[in-house]
Amino acid sequence: MTITKITLNLTSPLFFQISKDEKYIFCTCVFFLFVNKMYFHVSCLNILLLFFLRCDDEMLVTASRALLLKQWDWRQANCTRSWRAIHTVPVASMTFDSTSTLLATGGCDGTIKLWDVVKQYCTHNLKGSSGVVHLVQFHPNTDLLQLFSSSLDCGIRIWDLRSSQCVCVLQSHYSAVTSLSFSPDGNAMVSSGRDKICTVWDLKTRKAKRTVPVYEAVEGVIILPGSTDLAEIRVKSKDLHFITAGSKGVLRVWEASTARCVYTQTLPSTLPSASEEDENDNPRSLTYLFHLPASARLATVTAEHNILLYQLPALTTQQQFVGYSDEVLDVKFLGKGDSHIVVATNSCQLKVFELLTNSCQILYGHTDTVLTLDVFKKGSLFASCAKDRSVRVWHMDSDSGQVRCVAQGSGHTNAVGSISCSRMKASFVATGSQDCTVKVWDLPADCSAEGGIHQLTARATEKAHDKDVNSVAVSPNDKLLASGSQDRTAKLWSLTVEGTVSLLGVFRGHRRGVWAVCFSPVDQVLATTSADGTAKLWSLQDFSCLKTFEGHDASVLKVIFVSRGTQLLTSGSDGLVKLWTIKTNECVKTLDAHQDKVWGLHASRKDDKMVTGSADSNITVWSDVTEIELAEEQAKQEDQILKQQELSNLLHGKKYLKALGLAISLDQPHTVLTVIKVIQKFPSFFLLFSWIHSESLLRYCVVWNANARNCLNAQAVLQVLLTHLPPEELLQYQGARSHLEGLIPYTERHMQRIGRLLQASMFLNYMWQKMRVAGAPSR
């Protein structure tokens with residue numbers, strides 16, 4: 001089993017903006033293409049505090065903690081200009097005017113600076129605000145040359161840019177003003193604050209027309225366009241209406257003239273109402289509201305950094321971008337053809353990603369952190385359990401891909417940390433809890449049908465261990481149940497037709513708590529992993545340990561069988577995923593893609609993919625490329641055979657030039673040497689060389705030159721290379737310096753040997769000339 005990977009990183013947008021053409025989302029960490037693919041990263045030497053995109057989408061300005069403003073050509077990822085912000089402390093707010101020529105920055109020092117970004121100088125220095133200026137916004141009518149700002153005194157200041165003076169302070173709020181929205185004609189404005197009110201202002205008289213109590217801390221307000229038919233959200237008149245987003249996590253539409261809420265967005269039925277939870281801890285609370293006029297949509301950011309897009313006029317959810325960055329506790333394949341993954345992070349929400357597009361659904365229902373997941377055989381039903389002591393069953397519609405909760409149950413007295421679904425059909429789920437018990441829950445036969453949420457009841461409860469139950473697993477035939485615990489044991493249970501759970505045996509041998517248990521799909525064995533850094537295989541017949549796999553440097557957290565039960569995949573606290581061959585006990589592959597504990601590990605139903613999730617917030621999808629590599633290797637061997645036959649034909653036909661090139665491409669130094677010995681006899685020997693192979697020939701010469709029998713051929717080739725190639729080109733070859741250094745000592749040795757032979761031959765010649773035949777007369 002050979003594996004390749006694709007990684008999905010869950011990033012956290014703290015502040016975001018959308019381009020005018022609505023193709024790009026910008027956030028303070030990375031830039032995302034609107035199809036949720038990473039575009040590029042603006043690197044800053046100092047921590048990036050905020051940014052603002054010019055109205056024409058041509059320029060981006062960022063402010064950092066080093067009191068620097070940087071101007072970017074963001075399409076080319078190029079910083080075109082940087083300058084000191086003049087503020088004595090970091091910039092807290094920033095905005096462009098509608099002409100894209102003036103940039104206003106509000107600082108933590110209580111001053112506001114205006115910059116002409118075309119002529120590149122500071123035009124205004126507005127003083128008078130008390131404390132941090134956290135909001136600056138230009139009046140949409142550029143002829144008025146007015147700037148609105150708000151600071152810690154909760155007032156809204158109106159600045160006349162002609163005189164650089166504050167002409168009015170609008171007082172209405174008793175807490176921080178969070179946003180301003182202007183009417184299309186510029187004569188009215190709505191302000192929102194965390195004091196749970198919105199104020200409608202008449203900008204001609206600079207007086208408050210009406211104070212609207214909204215009973216939630218409001219983070220964003222948008223005046224709805226009067227030219228659009230908004231009857232679906234009960235806007236029936238042409239009067240001023242505005243929409244708010246705040247701590248309750250819902251969008252609400254208000255009529256300004258009557259201070260009445262005319263429409264409230266409907267929450268999913270699985271969500272508790274706002275009165276049942278503390279608004280300050282509501283993970284769904286909205287922190288930002290943005291209007292997209294080109295497509296008549298609204299964009300919101302939740303407290304957990306999820307970006308949600310709503311389509312007007314119905315306020316239906318169109319798209320979701322998940323940005324919650326925390327530990328991934330579990331991940332499973334889901335849907336027809338394993339087209340989706342469901343992810344449990346350190347959150348009470350579940351995220352369902354479509355792998356093809358990375359689009360996401362956020363599932364609400366649990367009220368505390370979801371700890372683990374499991375999927376039924378067909379892939380449309382899955383179950384989850386959480387710290388809220390509950391179990392939930394979810395169903396994915398095969399056509400629309402929408403997921404809804406169809407059943408829930410509670411009965412454990414502590415956090416439910418493990419869950420396993422029945423394998424043959426969707427009939428029950430088994431759970432293990434920190435209350436040391438194991439429960440088996442029956443599912444209703446029609447739980448996937450349309451309707452309300454079914455209530456689950458436990459058909460069997462058993463005190464299974466002396467400490468927390470970390471893992472449970474159901475056997476492929478639904479007749480056995482295995483459990484692993486912090487008490488360092490794993491146990492095997494019988495699931496009877498009557499609904500009872502009876503103990504069959506105990507697996508003892510681990511030196512630390514057991515983190516995971518898994519049945520083999522083909523053999524009567526059980527795999528376990530432990531905090532002692534080992535994985536073990538146990539016999540279900542006599543409960544003996546058959547094999548022990550050692551290789552992880554820390555706790556082994558998950559184990560699954562792959563390759564039809566012949567191999568194991570394990571993940572550990574060391575951030576590694578290891579592939580083991582059971583027959584040989586050998587670790588054949590170590591996958592190093594995570595920087596922290598790998599909690600999630602799951603294989604697809606076709607056994608051709610797996611997914612891992614880690615505490616480093618990364619989700620990695622791996623593909624099994626074993627068959628592809630085997631096919632490539634087979635094709636390579638076939639090609640080698642054909643080329644070898646062609647080489648033999650070329651040598652037989654005395655086509656040495658083509659034979660030389662083919663032998664070099666096949667990397668056969670001996671055949672190359674044979675060809676060179678033949679062509680070396682030709683007068684135009686050097687003309688037969690193909691200079692594109694000179695790098696390989698230089699490498700071969702190093703080997704040939706080490707043998708006195710072949711040194712003359714090596715030296716002949718070297719002579720041709722050194723004569724016809726410039727030294728600069730030779731030195732560019734990979735490893736050329738080491739090759740030349742390897743040639744020198746053997747060449748010197750050969751020269752010494754030839755020198756000695758030459759001396760001996762001269763002495764022999766002298767002796768031959770001086771010798772005479774015995775008895776011959778002397779001359």
(message) Under a 3.5 Å cutoff, is there a donor and acceptor pairing between the side chains of T372 and S418?
(response)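 Not at all, the side chains of T372 and S418 share no donor-acceptor pair under 3.5 Å.
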(request) Tell me yes or no: between the side chains of E22 and S295, is some donor less than 3.5 Å from an acceptor? (result) yes
Any side-chain heavy atom of [X] within less than 4.5 Å of one from [Y]?
X: L526; Y: L492; answer: no
X: V262; Y: W254; answer: no
X: V342; Y: W394; answer: no
X: K351; Y: L363; answer: no
X: L286; Y: L251; answer: yes
X: V440; Y: V501; answer: yes
X: S347; Y: V370; answer: no

(message) Given V562, which partner from the list D608, L568, L579 fulfils the side chain to side chain contact (heavy atoms under 4.5 Å, CB included) test?
(response)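 Option passing the side chain to side chain contact (heavy atoms under 4.5 Å, CB included) with V562: L579.
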(message) Using the rule side chain to side chain contact (heavy atoms under 4.5 Å, CB included), only one of V352, N306, L308, T302 pairs with Q320; which is it?
(response) L308
Starting at [atom1] of [X], measure out to [atom2] of [Y] and round the result to the nearest 0.5 Å.
X: C261; Y: Y215; atom1: SG; atom2: OH; value: 11.0 Å
X: F242; Y: I222; atom1: CZ; atom2: CD1; value: 12.0 Å
X: I362; Y: T317; atom1: CD1; atom2: OG1; value: 9.0 Å
X: L355; Y: F353; atom1: CG; atom2: CZ; value: 9.5 Å
X: L373; Y: H602; atom1: CG; atom2: NE2; value: 10.0 Å

Any ion pair linking [Y] and [X] (charged N to carboxylate O, less than 4.0 Å)?
X: K597; Y: D616; value: no
X: E462; Y: K439; value: no
X: D338; Y: R605; value: yes
X: D374; Y: R423; value: yes
X: D442; Y: R459; value: yes

(request) Of all the heavy-atom pairs spanning A464 and S483, show the shortest one and how long it is. (result)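 So the two residues come closest at CB-OG, 4.5 Å.
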(request) Of all the heavy-atom pairs spanning I243 and L289, show the shortest one and how long it is. (result)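 Where I243 meets L289 most closely, the heavy atoms are O-CD2, 3.8 Å.
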(message) Working note: R297 + Q318, criterion side chain to side chain donor-acceptor pair (under 3.5 Å); need CA distance, chi angles, decisive distance, verdict.
(response) CA-CA 9 Å; R297 290 184 294 180; Q318 187 195 54; 2.4 Å; yes
(request) Applying side chain to side chain donor-acceptor pair (under 3.5 Å), run through T461 and T437 and close with a yes or a no. (result) CA-CA 7 Å; T461 301; T437 66; over 6 Å; no
(message) Name the residue from K332, R392, Q408, H366 that meets the side-chain hydrogen bond (donor to acceptor under 3.5 Å, both in side chains) definition with S384.
(response) H366
(request) Count the heavy atoms of every other residue, nucleotide or ligand shown that sit under 6.0 Å from CZ of R488, and state whether that count exceeds 12. (result) no
(message) Is it true that, when you exclude K463 itself, more than 12 heavy atoms of the residues, nucleotides or ligands shown sit nearer than 6.0 Å to its NZ?
(response) yes
(request) Fit a plane to each ring of Y288 and F290, take the angle between them on a 0 to 90° scale, and name the class: parallel (under 30°), tilted (30 to 60°) or perpendicular (over 60°). (result)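 Y288 vs F290 ring planes: parallel.
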